[in-house]
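Encoded as structure tokens, the structure appears first; notes follow it.
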Amino acid sequence: AVMYCSKVCQNEHWHQHKHSCQQNQDVAEVIQTDGYKKQIREANVKRLQFRRLQSLFNNGIDSARGESRGSNGSFPMRCTDNVDLSIRKLTTKLDRKQAKLYSERKFPMQTIVGTLDELEDHAPGFFYPHPMMYNTRTSFVGFITRYHYHRQRHTVYVEDDNRTEICVGFYLDYDSPFPYFTWADVRPGKFICLHDPTIYTELCGQNQIRVDEAEDVHLFDV
């Protein structure tokens with residue numbers, strides 16, 4: 001019954017006239033269409049994602065103030081989320097060889113490497129280059145040995161063929177790896193294949209492989 005100049009204005013006015021629209025039988029039938037229900041579902045998903053990001057941001061602010069919300073009563077970025085941080089897994093040379101052969105068959109267009117020495121290093125800083133800038137068609141295969149104590153930021157230790165460990169940190173949009181893997185898969189005892197990884201040196205001096213895209217990760221057993 002109302003003409004709008006744009007979809008934006010229609011959406012802004014919706015909270016005022018939605019009740020009268022829902023009482024109108026002719027309009028109510030339109031509201032219950034599949035397209036409308038899909039829009040509602042998408043809006044709810046975005047709302048939940050925003051709340052999650054807001055919660056993570058607030059936790060970061062609290063930690064900077066020295067406040068604590070962690071489940072273990074300490075620094076919130078070190079809350080254990082009920083995982084056993086003492087777990088440490090080992091693997092054998094044969095398992096490493098099988099993992100590399102599996103990755104070569106799985107990703108024939110990639111060059112599979114098993115040591116950190118074969119990866120690119122980049123200078124420290126907060127502003128990381130986009131991964132596509134360093135697309136080398138190289139994949140690194142490592143073994144997840146243990147969890148990192150920074151549990152809110154999904155981080156694990158990965159060991160290469162020389163038994164050198166490095167942190168692998170996940171910085172995914174909305175903290176969601178779906179549909180490529182689940183967070184339950186990122187655990188000690190799993191092999192991980194990372195496409196076009198780059199080693200970054202943090203300002204604290206620690207080396208880390210930063211994962212920005214879930215599609216660049218493949219987790220498997222041998």
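Every heavy atom of this structure was used, including side-chain atoms; hydrogens, water molecules and symmetry mates were not.
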Taking side-chain contact (heavy atoms from CB on, under 4.5 Å) as the test, write out the residues that go with [X], two or more places apart.
X: Q10; value: Y4, K7
X: T115; value: D117, E118, D160, D161, N162
X: S86; value: D84
X: K106; value: Y102, H218

Please check if [X] and [Y] belong to a single hydrophobic cluster, counting links between Ile, Leu, Val, Met, Phe, Trp and Tyr side chain heavy atoms closer than 4.5 Å.
X: L101; Y: V222; result: no
X: L219; Y: V141; result: no
X: F140; Y: Y180; result: yes
X: I192; Y: I112; result: no

- [ ] Using atom types as modelled and distance alone, determine if a side-chain donor or acceptor of W183 lies under 3.5 Å from a backbone N or O of P177.
- [x] no
Which atoms form the tightest heavy-atom contact between [X] and [Y], and what is the distance?
X: H148; Y: C167; value: CD2-SG, 3.4 Å
X: L116; Y: I199; value: O-CD1, 3.8 Å
X: V217; Y: F181; value: CB-CE2, 3.7 Å
X: P197; Y: L119; value: CG-CD2, 3.8 Å
X: V186; Y: F170; value: CG1-CE1, 3.8 Å

Within a strict 4.5 Å, meaning less than it, do heavy atoms of the [X] and [Y] side chains meet?
X: I209; Y: I166; answer: yes
X: R137; Y: M109; answer: yes
X: V168; Y: L194; answer: yes
X: D175; Y: H154; answer: yes

TODO: State which residues pass ring pair (Phe, Tyr, Trp, His ring centres under 6.0 Å) with F143; sequence neighbours excluded, sorted by chain then number.
DONE: F191
- [ ] Could you list the residues that satisfy ring pair (Phe, Tyr, Trp, His ring centres under 6.0 Å) with H195, not counting sequence neighbours?
- [x] F107
- [ ] Quick one: list whatever passes salt bridge (Lys or Arg N to Asp or Glu O under 4.0 Å) with R187, sequence neighbours left out.
- [x] none
Residues forming a side chain to side chain donor-acceptor pair (under 3.5 Å) with [X], sequence neighbours excluded:
X: T145; value: E165
X: K190; value: D221
X: T164; value: none

Task: Ring-face cation of R210 near Y200 (centre distance under 6.0 Å, axis angle within 45°) - done: no
Open item on the list: Return the CD to OG distance between E104 and S139, rounded to the nearest 0.5 Å.
Closed with: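 One gets 10.5 Å once the value is rounded to the nearest 0.5 Å.
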Open item on the list: What's the separation between atom OH in Y147 and atom CZ in R88, rounded to the nearest 0.5 Å?
Closed with: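 Taking OH in Y147 and CZ in R88, the distance rounds to 14.5 Å.
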Task: Members sharing F178's hydrophobic cluster (side chains within less than 4.5 Å) - done: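 Via sub-4.5 Å side-chain contacts, F178 links to none.
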- [ ] Check which hydrophobic residues are tied to I87 through side-chain heavy-atom contacts below 4.5 Å, counting indirect links as well, and list them.
- [x]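 Members besides I87: none; it forms no cluster.
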Open item on the list: Using the rule given for salt bridge (Lys or Arg N to Asp or Glu O under 4.0 Å), can you reason through E159 versus R96, listing the C-alpha separation, both sets of side-chain angles and the distance that settles it, and then say yes or no?
Closed with: CA-CA 10 Å; E159 192 178 71; R96 292 178 185 279; 2.5 Å; yes
- [ ] Quick one: do V158 and V156 satisfy side-chain contact (heavy atoms from CB on, under 4.5 Å)? Show the steps, please.
- [x] CA-CA 6 Å; V158 173; V156 290; 4.2 Å; yes
